[in-house]
A.B. asks: 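Structure provided below as structure tokens; questions to follow.
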Amino acid sequence: MTRHNHLRDFIDKAFARSTPLCRARFGELVADVLVDEGAAPQGFERALLKTDASPEASFAIITGEDPELLRIVPDHPERIQVVSDFELYAYWRPTPSRLFAVYDRVRMRGAVWFPHQIPAGAIGQPCEPLLHAAIEPTGWVVAHAAAVGREGRFLLLVGSGRSGKSTATLACVRAGWSYAGDDLVLLNPSRSLVAPLFSSVRLRHSGAAAFQSLADAAFMVSDDDGAPRYELRLDRLPSGGTVAAVLGVRRRGASEVSVVPARAADYLGPLLRDSTSRAPGCTPSMTPKLLAAGRMAPGFIVDTGIDPAGIPGGLGTFLETLP
Amino acid sequence: MSYFRTDVPDTASELFDGEVVIAHYGSGLYFSIAPSGALIWQGLRHGLSVAETAAWLATQFPAEAAAIPAQVAAFVADLVARTLLVEVAEPIRAGELPAIVLNTWQEPVVESFDDLQELLLLDPVHDVTEAGWPHRPDDQA
């Protein structure tokens, strides 16, 4: 049996043990999502954007320690390992929790495996390991960024973890803004568009109480390097639009929202690093799109200030100055 | 005459407003070139030789005309050493030369960033066995 056949066999076995969960859209990609018995009770559907459109792809989410499935894990399971070619994408990740994702680019279907204990972050962002490969042939790219907007014009917020993207996103949502995501969004650089992937947001403990009123349920508490993170589903659906500015987010203690022009290198580093790190093997296709995303709109550095309540006003005033 | 191409294998580049950012999969580094260096890069991309690029810029910045040829040559040598440029026999004419909005010439430099290194070096396919990962224990044939 060749490597490709093993990987396709893994996908086939995953689908054979799974049943349909829902049909979801990920930007312009529509996919049927299936789950096995272990994954079914996890609540993945709460983070998915459901649709009745015709599906192009299908994803299965499976769990457990099935020896037949696990025979395919790499010879060195302690290392990240990747296979990526024109037909298949496979990604084995040993830490922080084991994950195995395989996507058949030809048949447009893939499966992602977790151990019994599925990380809450994965429940808030279902199928994410497969999406990078699934949208690779399109003009879209999955980016580690947040996006908020008004009247169809969005600010793309770029920054590493703890930079304040989620706080800024939720502060704006609470003020009535639209949002496309607080952690992962879809970008189409050639059309200067941002689109949502999931209806979930992630919050640290300090922010959970402040923004609890926005959520229809705090559906999971996860662990992020020992700190609790709350995976919330907001009570309104995300939406997308045109990117009006790219903002590198930094918190440097400004008393209020402060925006200054930036060089591309100032904000592209986090965008490239944190986006490509989620999909080893897809870097050569993702990087040109992410670089191009940096010039969808003018770039700035923003300090969101010490008072979240002041963020919508500050960003709103800034948005109005943009052409 | 020395001509160079800027679309180099194993790299992705993007021209911003007065800045060029290049990601290099081979080294795992990414680079920022601005602002004088971006003009040199655009001159080469347009199909000018190194000497023609220096002459073009010397006319734009007459106060620095004496220093520009040596600085352009050194900058190009630096980009070649980092495999961000590849020499070609014939010029590849592309697009128009940019309108120069830079007020003052500055000695061109390349800034390099290594925070992508671990990620870029992981790609595209690594850590597979000779049989090609994954292979199962019963694959003896």
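Each chain gets a letter, A, B and so on, in the order the sequences are listed, and its residues count up from 1.
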A.B. asks: Do you know which two heavy atoms are closest between A/Ala265 and B/Val21, and how far apart they sit?
C.D. replies: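 Here A/Ala265 and B/Val21 meet closest at N-CG2, 4.3 Å.
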A.B. asks: Kindly compute the distance separating CG (A/Leu268) from CZ (B/Phe113), expressed to the nearest 0.5 Å.
C.D. replies: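 Answer for the CG-CZ pair, A/Leu268 versus B/Phe113, is 10.0 Å.
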A.B. asks: Measure the shortest side-chain to side-chain distance between B/Tyr30 and A/Thr287 over non-hydrogen atoms and say whether it is less than 4.5 angstrom.
C.D. replies: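 They are not in side-chain contact.
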A.B. asks: Quick one: side chains of residues 100-109 of chain A, donor-acceptor pairs under 3.5 Å with protein atoms, not counting sequence neighbours, listed by atom name and distance.
C.D. replies:
from, atom 1, to, atom 2, distance (Å)
A/Asp104, OD1, A/Val106, N, 2.9
A/Asp104, OD1, A/Arg107, N, 3.0
A/Asp104, OD2, A/Arg8, NE, 3.2
A/Asp104, OD2, A/Arg107, NE, 2.8
A/Arg105, NE, A/Asp85, O, 2.6
A/Arg105, NH1, A/Glu136, OE1, 2.2
A/Arg105, NH2, A/Ser84, OG, 2.8
A/Arg105, NH2, A/Glu136, OE1, 3.4
A/Arg107, NH1, A/Asp12, OD1, 3.2
A/Arg107, NH2, A/Asp12, OD1, 3.3
A/Arg109, NH2, A/Asp12, OD1, 2.7

A.B. asks: Check B/Ser32 against A/Arg263 and note the closest heavy-atom contact, atom names and distance.
C.D. replies: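 Distance-wise, the nearest heavy atoms are OG-NH1, 3.6 Å.
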A.B. asks: Which pairs with one or both residues in residues 128-147 of chain A pass ring pair (Phe, Tyr, Trp, His ring centres under 6.0 Å), sequence neighbours excluded?
C.D. replies: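 Residue pairs with at least one partner in residues 128-147 of chain A: there are none.
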A.B. asks: Please output the residues of residues 290-299 of chain A in contact with chain B, using a heavy-atom cutoff of under 4.5 Å, in numerical order.
C.D. replies: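 Contacts with chain B: A/Leu291, A/Ala292, A/Gly294, A/Arg295.
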A.B. asks: Is chain A contacted by the side chain of B/Thr11, its backbone, both, or neither, given a heavy-atom distance below 4.5 Å?
C.D. replies: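 Neither part.
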A.B. asks: Show which side-chain atoms of residues 59-79 of chain B pair as donor or acceptor with protein atoms under 3.5 Å away, not counting sequence neighbours.
C.D. replies:
from, atom 1, to, atom 2, distance (Å)
B/Thr59, OG1, B/Trp56, O, 2.6
B/Gln71, OE1, B/Trp105, NE1, 2.8
B/Asp78, OD1, B/Arg82, NE, 2.9

A.B. asks: Are more than 12 heavy atoms, taken from residues, nucleotides or ligands other than B/Asp7, located less than 6.0 Å from that residue's CG atom?
C.D. replies: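 Yes, because the 6.0 Å sphere around CG of B/Asp7 holds more than 12 heavy atoms from other groups.
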